[in-house]
Number of protein chains: 2
Amino acid sequence: MIEEDLKKYDSFDDCPVRNVLDRIGDKWSILIISLLGECGTLRFNEINHKIGNISQKMLTVTLKTLEADGLLSRKIYPVIPPKVEYTLTPLGESLLPAIHTLTLWAVENMPAVLASREEYRLAVAR
Amino acid sequence: MIEEDLKKYDSFDDCPVRNVLDRIGDKWSILIISLLGECGTLRFNEINHKIGNISQKMLTVTLKTLEADGLLSRKIYPVIPPKVEYTLTPLGESLLPAIHTLTLWAVENMPAVLASREEYRLAVAR
DNA sequence: CCGTATCCCCCGTGATACTG
DNA sequence: CAGTATCACGGGGGATACGG
């Protein structure tokens, strides 16, 4: 019984912010979306080099997830060596303003957060 | 221009969006911030019950982290049994618009994301 | 060049029991 | 009521090697 009875009181599963963070709150998604938002279209290795410290595996995995979610599209040129281009879909582009808002907050307020955290650390250490 | 100013954050380590997600991109932070944004001030067990499916440990950990980051404040009443109230700081409140923007996007576009994902799943299965 | 396929480790999260 | 303490686990993520 319990499993189902609890679900109707489960505010968690229906929270839209959590749903979106479950999709794009991982380590690389938003970074890739921002990058494509700036640059328009990029090849696999271009993204790889621009980010710099992402593993090839995670880049592949993240791009595939974003494609499955309909946030970016993949164009394969049947040439050798292979050439693949990634571009945001309109759905992906629609996410840019939200990311931008979050970015602005970060630029303005992260220094305060870091300062607070340092102060807290010192207070606890004492 | 903001767009150009942000370009200097291209590298991963200095990316503001990643910094903020590293802090509040965990499973419970944004949910708690939203809740306090709605309700103003809440006691430990009130948050516990309103969220419903968070473990006591994670609630404690998340609240402590948010306090250390200066996003919420903690008021302890020296009574027995203990009474502790949590309220957003101005810094925490300043995050609400960004969360709201993200929420709006989720409400509007998550159905499309889920549909795309299902379609992709079917395409791969074939 | 653009991926796949493995192996492995860390740590965020949860379950449970206990305390002032 | 509001936490601590401890144990356990699952999976996100990295390193590496191989494939078309």
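Lettering follows sequence order; numbering is per chain, from 1. Keep in mind that what you see is a predicted model, and the values were worked out from it rather than measured.
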- prompt: Taking it one step at a time, do Val17(B) and Leu31(A) satisfy side chain to side chain contact (heavy atoms under 4.5 Å, CB included)?
  reply: CA-CA 8 Å; Val17(B) 186; Leu31(A) 205 56; 5.9 Å; no

query: Taking it one step at a time, do Glu118(B) and Arg121(B) satisfy salt bridge (charged side-chain N to carboxylate O under 4.0 Å, His left out)?
result: CA-CA 5 Å; Glu118(B) 178 65 9; Arg121(B) 197 183 62 78; 2.9 Å; yes

- prompt: Should Arg23(B) and Asn19(B) be marked as a side chain to side chain contact (heavy atoms under 4.5 Å, CB included) after you check the CA-CA gap, both sets of side-chain angles, and the distance that decides it?
  reply: CA-CA 7 Å; Arg23(B) 297 281 168 188; Asn19(B) 286 336; over 6 Å; no

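Side-chain proximity of Trp28(A) to dG14(D), dG14(C), dA2(D): nearest is dG14(D). Taking every side-chain heavy atom of Lys27(A) into account, dG13(D) is the closest of dG3(C), dG14(C), dG13(D).
Checking the phosphate oxygens (OP1, OP2) of dA2(D), a side-chain nitrogen or oxygen of Arg43(B) falls inside 4.0 Å. Residue Arg74(A) has a polar side-chain atom (N or O) positioned under 4.0 Å from OP1 or OP2 of dG3(C). At the phosphate of dA2(D), neither OP1 nor OP2 sits under 4.0 Å from any side-chain N or O atom of Asn48(B). The side chain of Lys64(B) places no N or O atom within less than 4.0 Å of a non-bridging phosphate oxygen (OP1 or OP2) of dG3(D).
One atom, CD1 of Ile54(B), and another, P of dG3(D), lie 13 Å apart when rounded to the nearest Å. Counting to the nearest Å, the P atom of dG3(C) and the OH atom of Tyr77(A) are 13 Å from each other. Separating the CD atom of Glu46(B) from the C1' atom of dC1(D) is a distance of 12 Å, rounded to the nearest angstrom. The distance from atom CE of Met58(B) to atom P of dG3(D) is 15 Å, rounded to the nearest whole Å.
Among the atoms of the strands shown, only primed sugar atoms or phosphate atoms (P, OP1, OP2) are found under 4.0 Å from some heavy atom of Tyr86(A).
Here the rule is side chain to side chain contact (heavy atoms under 4.5 Å, CB included) with Leu71(A), and of Leu63(A), Leu91(A), Leu36(A) only Leu91(A) fits it.
Remark: Glu119(B) CD is loosely packed, at most 12 non-hydrogen atoms of other residues, nucleotides or ligands lying under 6.0 Å away.
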message: How would you summarise protein contacts on nucleotides 15-20 of chain C per nucleotide, using B for base, S for sugar-phosphate only and - for none, with heavy-atom distances below 4.0 Å?
response: B----B

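Counting only N and O atoms by type, the side chains of Thr87(B) and Ser73(B) include no donor and acceptor under 3.5 Å apart.
Asp69(B) is not listed as a side-chain neighbour of Tyr120(A), based on a closest heavy-atom distance of 4.5 Å or more.
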